[in-house]
Amino acid sequence: MALPRALLQYICGLVLLIASVNALKFDLTARGPNDKKVERCIRNFVAKDTLVVVTATVGGSKGDGMIVNMRIRDNIVNEYGKAKDVVGEQRTVFTAHADASFDVCFENIMTHSRMNNPSRSVELDIDIGADAKDWSAIQATEKLKPVETELRRVEESIQEIVREMDYLRAREQKLRDTNESTNTRVKWFGIGTTMLLIALWGWQIMYLRAYFRSKHLI
């Protein structure tokens, strides 16, 4: 029994370590109202129908001369959230519409011109899939033991990894098919070009021969 328990602790620790990597903290420098629009974006990939929870904690206070806006959108123009003048915690929950990368973008607009090094601190936490679920509520609703809850969480995390590996395998197969199709087209294009050059070379020989004969040079 010691080995499975140690293995379980190792897997749980690994899952928690992967989840903690999603947390990010940075300073967002403000721009003038008439300056070019500049956004700071953090990108993540998510599979279709996957639950995502984005939690942003923005420092500062309203009326301090800065306005932080937040936008969440994927690379196929699905918009999942948009918030203006964010201060404190801002949480956005959505389910991905497609297999795509999504961006969490922030912009900081300065409303007062006389400010030295204006910036706001932003702490961003992105939970995807199993990490986005409220496991405390699931444990209370289904009356699960802590070990059972952790096993459910690990099981769903492993299923997500398997689905992602299947997606990557299918994408690799698609890229391989595209590569083979391109190679076939290039090969036939090369063969066609060679045949065309040979035909042109033969035509030139016959034309020059006919020309020289008409001039009685040969």
Side-chain angles (χ1 to χ4, degrees), residues 5 7-28 39-60 67-108 119-171:
R5 183 180 181 86
L7 182 61
L8 175 62
Q9 291 176 348
Y10 172 75
I11 295 174
C12 293
L14 182 61
V15 170
L16 291 174
L17 177 62
I18 295 173
S20 66
V21 174
N22 290 329
L24 178 66
K25 189 172 184 179
F26 57 91
D27 291 329
L28 188 64
E39 291 184 327
R40 182 160 185 180
C41 298
I42 290 86
R43 174 166 292 187
N44 257 292
F45 177 83
V46 66
K48 184 179 180 181
D49 297 329
T50 300
L51 179 66
V52 180
V53 177
V54 178
T55 306
T57 305
V58 180
I67 296 176
V68 174
N69 298 325
M70 173 181 168
R71 177 177 58 85
I72 304 174
R73 186 174 64 181
D74 64 18
N75 57 0
I76 53 177
V77 203
N78 290 317
E79 192 165 287
Y80 297 110
K82 194 173 184 180
K84 294 184 177 181
D85 198 7
V86 179
V87 174
E89 184 177 292
Q90 174 72 30
R91 176 169 293 187
T92 305
V93 182
F94 65 90
T95 301
H97 299 328
D99 296 328
S101 298
F102 70 93
D103 294 323
V104 182
C105 298
F106 298 89
E107 66 170 346
N108 190 0
S119 65
R120 287 264 191 95
S121 64
V122 178
E123 186 174 349
L124 180 64
D125 188 14
I126 301 175
D127 295 317
I128 300 174
D131 294 328
K133 293 185 177 181
D134 188 352
W135 289 103
S136 298
I138 293 174
Q139 180 180 354
T141 302
E142 300 185 14
K143 298 180 180 179
L144 300 174
K145 295 179 180 179
V147 175
E148 293 174 334
T149 306
E150 206 61 41
L151 281 172
R152 281 273 301 274
R153 180 176 181 178
V154 171
E155 181 184 4
E156 290 201 16
S157 298
I158 293 173
Q159 288 176 353
E160 289 174 6
I161 294 173
V162 171
R163 285 195 296 268
E164 186 172 354
M165 292 298 293
D166 291 338
Y167 169 78
L168 292 175
R169 189 180 298 109
R171 186 175 180 181

Non-neighbouring partners of Arg73 that pass side-chain hydrogen bond (donor to acceptor under 3.5 Å, both in side chains), sequence neighbours left out:
none
Would you compute the distance between atom CD1 of Ile126 and atom CG of Leu24 and round it to the nearest 0.5 angstrom?
8.0 Å
For Glu164, enumerate each residue passing the side chain to side chain contact (heavy atoms under 4.5 Å, CB included) test, keeping only those at least two apart in sequence or located in another chain.
Leu168
Interatomic distance, Arg40 atom CZ to Asp27 atom CG [nearest 0.5 angstrom]:
8.0 Å
Below 4.5 Å, heavy atoms only, C-beta onward: do Glu142 and Arg152 meet side chain to side chain?
yes
Electrostatic pair Arg169:Asp166 at N-O distance under 4.0 angstrom
yes
Which donor-acceptor pairs under 3.5 Å do side chains of residues 78-89 form with protein atoms, sequence neighbours excluded?
unit_1 : atom_1 : unit_2 : atom_2 : d
Asn78  : ND2    : Asp74  : OD2    : 3.0
Tyr80  : OH     : Asp74  : OD2    : 3.2
Tyr80  : OH     : His97  : N      : 3.0
Asp85  : OD2    : Lys62  : NZ     : 3.4

Thr92 and Met70: side chain to side chain contact (heavy atoms under 4.5 Å, CB included), yes or no, with the steps?
CA-CA 10 Å; Thr92 305; Met70 173 181 168; 4.2 Å; yes
Give me each pair satisfying side-chain hydrogen bond (donor to acceptor under 3.5 Å, both in side chains) with a member in residues 99-108, each pair once, sequence neighbours excluded.
Arg31-Glu107, Arg43-Asp103, Asn69-Glu107
Approximate separation, where rounding is to 0.5 Å, of Arg91 CZ and Asp125 CG:
8.5 Å
Going from CD1 on Ile42 to SG on Cys105, what distance comes out if it is rounded to the nearest 0.5 angstrom?
7.5 Å
What's the separation between atom CD1 in Ile76 and atom CZ in Phe102, rounded to the nearest 0.5 Å?
13.0 Å
I need the Leu124 CG to Asn44 CG distance, nearest 0.5 Å.
8.5 Å
Results of side-chain hydrogen bond (donor to acceptor under 3.5 Å, both in side chains) for Glu156 - residues two or more places apart only:
Lys133
Set of side-chain hydrogen bond (donor to acceptor under 3.5 Å, both in side chains) partners for Glu160, sequence neighbours left out
none
Does some side-chain heavy atom of Glu155 sit less than 4.5 Å from a side-chain heavy atom of Leu151?
no
Taking every non-hydrogen atom, the tightest pair across Ser157 and Ala130:
OG-CB, 3.7 Å
